[in-house]
Each structure stands twice: as structure tokens, then as C-alpha cells.
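Predicted model only: the values in this text are computed from it and were never measured. Index from 1, following the sequence. Side-chain atoms are counted along with the backbone in the values below, which use heavy atoms only and exclude waters and symmetry mates. All ligand and atom numbering here is 1-based and tracks the order in the structure.
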Amino acid sequence: MALRGTFSSRAGFIAAAAGSAVGLGNIWKFPFEVERGGGAAFVVMYLVFAFLLCFPVMVTEIAIGRKTNKNPVAAFGSLGFPKWNLIGKVGTFCGVLILSYYNIVAGWALGYLIEMLMGNFDIGNQFSQAQVGAGEYYYAGDILKVVVYSIIFMWMTSYVVGKGISGGIEKAAKVLMPSLIIMLFCMVGYALTLPYAMDGLKYYLIPEFGEINASSIGGALRQAFFSLSLGMGTLITYGSYLSKKENIVSASALITLADVAIAFIAGLMVFPLIAFNNSGDLTNLVSGPGLLFVNLPNAFGSMGPGIGVAVGSFFFLLIAFAALTSTVSLLEVPVAYVVDELKVKRKKAVWLVAGVIYLVGIPSLLGNGASEFFTYAFKLPASSDFLSLAAQLSDTLLLLGGFFIVTFTAYVWKRENFNAELAQGFDGFENSLVSKFLNIAISYICPFLLGLLFIVVLLSNFFGINLI
Ligand code: TRP
């Protein structure tokens with residue numbers, strides 16, 4: 001145990017877990033998924049999924065982690081079901097895959113921050129030109145810069161994880177998360193004063209339910225899962241460092257609420273900025289990952305040199321902060337495995353694992369224009385580059401992971417054991433309403449809907465078949 005470390009307080013755990021949840025998924029991915037998924041109708045589905053399906057999965061992951069004090073690969077075995085460790089193995093692989101490309105995007109954000117500070121707004125224009133040529137790629141220009149920025153980002157992540165749970169992950173989250181929230185509110189306040197802000201808000205907030213179809217329903221669930229860091233064992237790992245005194249259910253509710261609120265509020269910042277850049281016309285947006293990286297630098301550029309530098313740097317600093325508390329949680333999962341099972345010292349494990357993950361990320365790095373092969377050879381219905389493939393694959397695996405985690409808990413580990421774990425730190429859990437909801441959710445609602453939507457997403461992402 002001494003080797004593993006623990007969170008020093010409830011607030012520290014919540015900051016770290018919310019920090020894991022709040023990331024590029026909220027600020028960069030959520031807006032473009034909203035755009036792709038048809039605006040506000042997507043937002044409504046996302047909210048329903050977050051509370052109905054994701055919150056129970058989160059409680060389950062944290063409960064498994066805290067019960068076993070193990071990394072996801074060993075946790076299932078330690079409950080007496082070693083075959084189910086496969087869930088943890090696939091999850092850990094999935095985490096490696098996510099971090100490998102996530103780090104590249106985080107590196108862009110860091111790069112944009114530095115370019116903004118130097119007053120270089122042209123990056124946006126360079127990107128939009130790159131877009132004209134080839135659909136969905138950006139940062140085509142300077143591959144060397146992307147390499148340097150992504151190495152720096154991986155280094156920062158490793159530095160934090162190397163310092164351990166309470167001395168690294170928790171400490172960083174306690175500084176970064178409050179700063180992030182303050183910065184976000186300042187940015188929303190500013191964005192709402194821009195011309196055309198109302199057009200952005202209308203687009204974001206007025207639902208058109210006609211736009212709902214298989215791919216937007218699946219997209220909303222995928223987004224909720226990703227945003228809440230579910231399905232691969234991040235929260236099993238964080239839960240394994242949590243004290244028995246803490247109330248898992250209320251902590252999970254807070255984490256879910258914080259994540260959803262921050263995604264929602266980020267939309268209030270991003271859509272006015274996009275509307276500002278497009279003079280209020282949101283009909284023909286750059287779709288997909290380029291949405292922010294193309295529109296926003298342009299928006300900052302047209303604010304004028306002084307204020308543009310200030311607002312732009314502030315924005316990308318905010319994104320970098322959000323990303324760092326998430327990359328840290330992704331790296332912690334394979335690191336915990338290496339530390340626990342291979343008995344390697346934390347610092348050594350961190351540099352080893354981070355190095356491997358960086359290498360796994362190279363195809364994603366090259367897949368945005370630098371290498372024709374990695375940009376075009378990975379044909380899916382909606383993309384052709386390696387990074388998108390990695391993202392689609394991991395998103396789909398997360399749903400499958402979530403399905404197996406709840407099914408395992410309800411039918412293999414058994415509900416009474418799950419309930420007993422939750423009752424620790426929660427007096428009166430047995431007779432509470434939330435206990436009834438959680439038990440019904442993990443036994444019926446989640447397995448059914450996650451299984452169904454896994455198939456919907458699989459067919460739609462990989463085969464272009466839309467069932468609804
Ligand atoms: N939730 C983070 C985000 O929204 C990303 C993330 C961190 C994640 N850990 C994860 C996603 C585990 C899936 C699984 O940016």
C-alpha cells in the first residue's frame with residue numbers, strides 16, 4: 001500500500017477526478033460534436049445520457065477501484081474473477097491509445113498558446129488554407145513545431161504523474177481546476193459582449209429535434225462517456241487511491257455535475273466566438289476537429305493586436321490547463337499497472353510508459369497532412385486519417401468497456417457487494433432513493449442501452465450504416 005499512494009482529502013479526489021473529466025473533451029470536442037450533431041438537440045441528449053447512463057458507470061468504476069485498491073488490470077481478479085481482467089487489459093490499451101493522440105491535440109493547444117503570445121494569429125489562416133486543399137487537416141505547415149510542442153506536453157504530464165498521487169496529481173488539480181473555472185467565467189463574460197454573440201447562442205441553445213438520428217444519438221453518448229473519462233478504468237484507478245471514509249455516490253454526482261456544467265459553459269464561450277468570426281452566419285462551419293483551431297485564432301486576430309493577444313493566450317492557456325489534468329489521469333492508468341504488477345518504481349515507470357505512448361502517437365502526429373499515408377489511408381465513413389481512426393476506435397471501445405463493467409458488477413461481482421462498498425462512507429445508503437436508481441441502472445438500463453448503442457455506434461462509425 002505504501003508504494004501506491006492515496007488522495008489526501010475528499011476535495012483532492014474530487015478535483016483530480018473532475019480534472020480528469022474536464023479536458024479537451026469539454027472545450028474542444030464538445031463544441032464540434034454539437035455542431036456535427038445538429039446543435040441544441042444534441043446538448044439535450046448529452047445531458048440525459050450523462051445522468052442516466054454515465055453517472056451509474058462512474059459510481060461502479062470508483063466502487064471497484066476502492067474495494068480492490070488495484071489498477072484496472074488486476075482489479076477484477078482481486079474480486080475473485082481473474083478472467084474478467086480482460087476488461088482492464090482492453091481498457092488500459094484504450095487509455096494508451098487515447099493518450100497517444102490526445103497528447104498531440106494538447107500539444108497543438110500549447111503551440112497555439114505560444115504562437116498567440118508572440119502575436120502570430122496567422123496560424124488560423126495557415127490552417128484554413130490547408131483545409132481548402134484537403135478536407136480535415138490542420139497544422140500541416142510545421143511538423144517540427146508539432147513534435148516539439150507534443151514532447152513538451154508529454155513531459156509536463158510525466159512530471160506531474162512522477163510526483164505521485166497526493167504530491168503530483170492531486171496537487172496539480174487543486175491549482176489547475178479552480179484557475180480553469182475562473183478563466184472560463186472571464187472568457188464567457190467577454191465572449192458574450194462580442195458582436196453576433198446572440199447568433200452563436202441561438203445556434204447552441206435552440207433545439208431542432210428533427211436533426212436527431214443514429215449518428216447524433218451515438219455521438220451524444222460517446223461524447224458523454226469520453227467527457228466523463230469512463231469505460232477504460234481511469235476511475236477504477238483513481239478510486240483505488242480513495243479512502244473508505246468518503247461517499248462515492250455524492251462524489252460521483254459532483255464530478256458528473258462539474259463536467260457537464262463546464263462543457264455547457266464552454267459552449268457559451270465558444271459559440272459566440274465562432275459566430276463573431278463568421279459574422280453571425282453559422283451555416284457553413286468548418287466541421288470536425290478544425291472547428292476551434294481554425295475559427296478561434298481568426299477571431300482573436302480580428303480583435304486587434306493588444307486585446308487579441310491577451311484573449312487568445314488566455315483561451316489557449318485555459319485549454320492547456322484542462323488538457324493537463326486529463327492527460328495526467330490517462331497516464332496514471334498504465335503507470336499504476338506497471339508500478340503494481342511489475343514492481344517498478346513510479347518515476348521509472350512514468351518515463352518508460354510515457355515514452356512508449358509518445359511513439360504510439362507518431363502516426364496520429366503525422367496524420368494531419370505531414371504524411372500522405374497516415375492522412376488518407378485509414379478510410380472510415382467520416383474520416384481518413386490515423387488520429388480520427390484512433391479516436392473512433394477508442395470511443396467505441398469505451399462504450400463496450402462501460403457495458404462490461406456494469407454487467408460484471410450487477411451479475412458477476414453481485415449487487416450486494418456493490419451496495420456494501422457504496423454504503424461505506426454513506427450512512428443510510430441502503431434505503432435511499434439513489435440506491436434504488438443505481439441498482440436498476442446497473443442491472444437493466446445501462447447494460448441494455450450501452451449494449452444497444454455500442455452496436456449503433458460501431459455500425460455507424462465503421463460501416464456507415466445508420467439504423468435510426
Ligand atoms: N475526459 C477527458 C476529456 O474530456 C479525457 C479523458 C481523460 C478520458 N481520461 C479518460 C477519456 C479516460 C476517456 C477515458 O478531455
| task | May I ask you to decide whether Glu246 forms a salt bridge with Arg66, counting only side-chain N to carboxylate O separations under 4.0 Å? | result | no

Tabulation required: pairs of a nitrogen or oxygen in ligand 1 and a protein nitrogen or oxygen under 3.5 Å; columns are atom names and distance to 0.1 Å; otherwise 'none'.
unit_1	atom_1	unit_2	atom_2	d
ligand 1	1 (N)	Ser20	O	3.2
ligand 1	1 (N)	Ala21	O	3.0
ligand 1	1 (N)	Phe226	O	2.8
ligand 1	1 (N)	Ser227	O	3.1
ligand 1	1 (N)	Ser229	OG	3.0
ligand 1	4 (O)	Ala21	O	2.9
ligand 1	4 (O)	Gly25	N	3.4
ligand 1	4 (O)	Asn26	OD1	3.4
ligand 1	9 (N)	Ser229	OG	3.3
ligand 1	9 (N)	Ser329	OG	3.3
ligand 1	15 (O)	Leu24	N	3.1
ligand 1	15 (O)	Gly25	N	2.8
ligand 1	15 (O)	Tyr102	OH	2.4

| Residues two or more places apart in sequence or in another chain: which of them pass ring pair (Phe, Tyr, Trp, His ring centres under 6.0 Å) with Tyr411? | none

| task | Take Phe454 and Thr396, measure what side chain to side chain contact (heavy atoms under 4.5 Å, CB included) needs, and give me the verdict at the end. | result | CA-CA 7 Å; Phe454 164 71; Thr396 312; 3.6 Å; yes

| Would you call Lys70 and Glu341 a salt bridge, taking side-chain N to carboxylate O under 4.0 Å as the test? | no

| task | Mind checking ring pair (Phe, Tyr, Trp, His ring centres under 6.0 Å) for Tyr337 and listing every partner two or more places apart, or none if nothing turns up? | result | none

| task | Under the ring pair (Phe, Tyr, Trp, His ring centres under 6.0 Å) rule, collect the residues that match up with Tyr102, sequence neighbours excluded. | result | none

